[in-house]
A.B. asks: 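Structure provided below as structure tokens; questions to follow.
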Amino acid sequence: MTPQPDPEAGAAVKAADRAHVFHSWSAQELIDPLAVAGAEGSYFWDYDGRRYLDFTSGLVYTNIGYQHPKVVAAIQEQAARMTTFAPAFAVEARSEAARLIAGRTPGDLDKIFFTNGGADAVEHALRMARLHTGRPKVLSAYRSYHGGTQQAVNVTGDPRRWASDSGTAGVVHFWAPFLYRSRFYAETEEQECARALEHLETTIAFEGPSTIAAVVLETIPGTAGIMPPPPGYLAGVRELCDKHGIVLVLDEVMAGFGRTGTWFAADLYDVVPDLMTFAKGVNSGYVPLGGVAISSEIAATFATRPYPGGLTYSGHPLACAAAVATINVMEEEGVVENAAALGASVVGPGLRELAERHPSVGEVRGTGMFWAVELVRDRETREPLVPYNASGEANAPMAAFAAAAKKAGIWPFVNMNRTHVVPPLSTSEAELKEGLAALDTALSVADEYVR
């Protein structure tokens, strides 16, 4: 589709937004949202006709790109047949979506509880864990994000938690491994893994194993920095949970459905959790949908005992029809394989080549179509390009980088001192190289702030 400029329409959309829309995570008078006119594939455009290669996949969810015709058609067909129906009934789209998801989750995670998104998936996973174990506490990692609802934001480990954290949610945070900014004075991945597991084991011991219902981890943390855990870490966490009867919850809301070049990030580590949360890529975000994949043991807890939770729109037919179509498209078009192949042959090598030429790049890390570029003022000291949780003038270097990226034709995912490279999994090799070239231009602006 060719963008058709219509500035007058864009002005009207912008005016209505500013008059009536209350935006999330924002000081309302300090934001300037772009008015978007359309989107297709890996691109979107504004009302002035400017087109952007989307290196954010929306909020890391348009895994098959925008406006895929088969998914659009499936939503239309479902709307014509049955637009909605209550969750207590068996509905074809819901049943088929659950079957397709269960066929791809690891191990015996064969029961699917549908939610409206990732945050309420985490809410329900933790409720299930507490009811299953009869224990009150949940352990979660710093450098994590699990959602904006009350329990989900409390298990979150980034600053978005602070305003809502009363300290009474039964949550204890611990340090997960991250060698580049190690909290354990480690020098190798092996040391980082061993010391992080020792730290977690000590935390469990001092908190009291019999009080801990669950350990919840993003399999690969997303918004917090795309930090693949070192080999052996998740297996070690699984072992600690088994030792103490603790439920292991893996949050795959962002990492799941092909983002890492496998159906789920857990597949990379050969670890099976007791509960797994998902959302986003399950239907490329076309209609809100999330869920919890449940092991047979935890499902059995509620075989004759009612599960005290539900949602009016659980397994909404339109959302489930979109999920069925999305999963089928991913299979038919080799989307997961594309993410693995181009991540290994184009994105990873391309980012590492940029790191060699740009002194502002401290580290590149990731897999599949799930990458982070850590920006620094000094490679030797690893001082971040901007301070932790910077805003206003303190965040000027990252703001300048983002502006340069947009001017060069890509829409970047920027968080703190990082840019994440998370395009749709269906993005072509030529499009990825176009995006890397634009990123090259923007990194030259970040270089200006290096000491």
Side-chain angles (χ1 to χ4, degrees), residues 129 137-146 154-159 161 170-252 254-255 260 265-274 362-367 370-374 376 378-384 387-389 415-418:
K137 290 181 187 173
V138 173
L139 269 56
S140 65
Y142 292 112
R143 301 193 184 105
S144 68
Y145 181 73
H146 295 285
N154 272 270
V155 294
T156 285
D158 78 14
R161 179 185 84 251
V171 177
V172 177
H173 288 90
F174 63 92
W175 290 107
F178 178 30
L179 182 60
Y180 187 73
R181 299 197 181 280
S182 176
R183 304 305 303 167
F184 308 112
Y185 306 98
E187 297 179 353
T188 66
E189 290 279 14
E190 292 78 11
Q191 288 180 350
E192 183 74 1
C193 179
R195 294 174 188 182
L197 286 171
E198 181 184 27
H199 163 67
L200 177 57
E201 185 171 27
T202 301
T203 302
I204 290 171
F206 276 73
E207 286 296 328
S210 64
T211 71
I212 300 168
V215 172
V216 56
L217 287 167
E218 291 177 277
T219 313
I220 297 178
T223 307
I226 307 182
M227 300 159 291
Y233 179 73
L234 289 177
V237 175
R238 174 75 275 180
E239 185 176 340
L240 286 172
C241 288
D242 289 342
K243 178 179 178 181
H244 297 293
I246 297 169
V247 171
L248 176 59
V249 181
L250 289 184
D251 181 339
E252 295 252 1
M254 189 173 284
T260 63
D267 299 335
L268 295 170
Y269 302 99
D270 197 25
V271 170
V272 179
D274 302 296
E363 185 181 54
V364 168
R365 54 184 180 267
T367 184
F370 204 37
W371 294 82
V373 180
E374 186 102 6
V376 296
D378 187 315
R379 279 183 171 176
E380 293 300 317
T381 66
R382 301 183 179 181
E383 177 188 354
Y388 186 73
N389 202 35
N415 188 38
M416 297 200 186
N417 68 306
R418 302 179 305 277

A.B. asks: How close do F370 and A255 get, counting heavy atoms only, and between which atoms?
C.D. replies: CE2-CB, 4.0 Å
A.B. asks: If you take all heavy atoms of T211 and G208, which pair is closest and at what distance?
C.D. replies: OG1-O, 2.7 Å
A.B. asks: Under 4.5 Å between any side-chain heavy atoms of H146 and D158, yes or no?
C.D. replies: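 No, every pair of side-chain atoms sits at 4.5 Å or beyond.
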A.B. asks: Please check if atom CD in E239 has more than 12 non-hydrogen atoms from other residues, nucleotides or ligands closer than 6.0 Å.
C.D. replies: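 Not more than 12 within 6.0 Å, no.
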A.B. asks: At their closest point, which heavy atom of R238 faces which heavy atom of V271, and how far apart are they?
C.D. replies: CB-CG1, 4.3 Å
A.B. asks: May I have the step-by-step check of side chain to side chain contact (heavy atoms under 4.5 Å, CB included) for L139 and L200, ending in yes or no?
C.D. replies: CA-CA 9 Å; L139 269 56; L200 177 57; 4.0 Å; yes
A.B. asks: Enter the distance from T203:OG1 to H173:NE2 here, rounded to the nearest 0.5 Å.
C.D. replies: 12.0 Å
A.B. asks: Fit a plane to each ring of F174 and H199, take the angle between them on a 0 to 90° scale, and name the class: parallel (under 30°), tilted (30 to 60°) or perpendicular (over 60°).
C.D. replies: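 If you compare the ring of F174 with that of H199, the planes turn out tilted.
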A.B. asks: If a pair satisfies salt bridge (Lys or Arg N to Asp or Glu O under 4.0 Å) and one of its residues is in residues 188-213, list it, with sequence neighbours excluded.
C.D. replies: K137-E207, E201-K243
A.B. asks: Got V155 and S144 here, is their nearest side-chain heavy-atom distance under 4.5 Å?
C.D. replies: no
A.B. asks: Could you tell me whether R382 and E374 have a side-chain N and a carboxylate O separated by less than 4.0 Å?
C.D. replies: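 The answer is no: the pair does not qualify as a salt bridge.
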A.B. asks: Closest heavy-atom contact between L197 and G236?
C.D. replies: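 Reported closest heavy-atom pair: CD2-C, 3.6 Å.
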A.B. asks: Just jot down the side-chain contact (heavy atoms from CB on, under 4.5 Å) partners of H244, sequence neighbours excluded, or say none.
C.D. replies: I204, P209, I246
A.B. asks: Taking atom OH of Y388 as the centre, does the number of heavy atoms from other residues, nucleotides or ligands within less than 6.0 Å exceed 12?
C.D. replies: yes
A.B. asks: Mind listing the closest non-hydrogen atom pair of F184 and A176 along with its distance?
C.D. replies: CE1-O, 4.2 Å
A.B. asks: Please list every donor-acceptor pair under 3.5 Å in which a side-chain atom of residues 216-235 meets a protein atom from a residue at least two apart or in another chain.
C.D. replies:
from	atom 1	to	atom 2	distance (Å)
E218	OE1	Y145	N	3.0
E218	OE2	G222	N	3.1
T219	OG1	E252	OE2	2.9

A.B. asks: I want to check something: taking the side chain as every heavy atom from C-beta on, are V172 and F206 in contact at a cut-off of under 4.5 Å?
C.D. replies: no
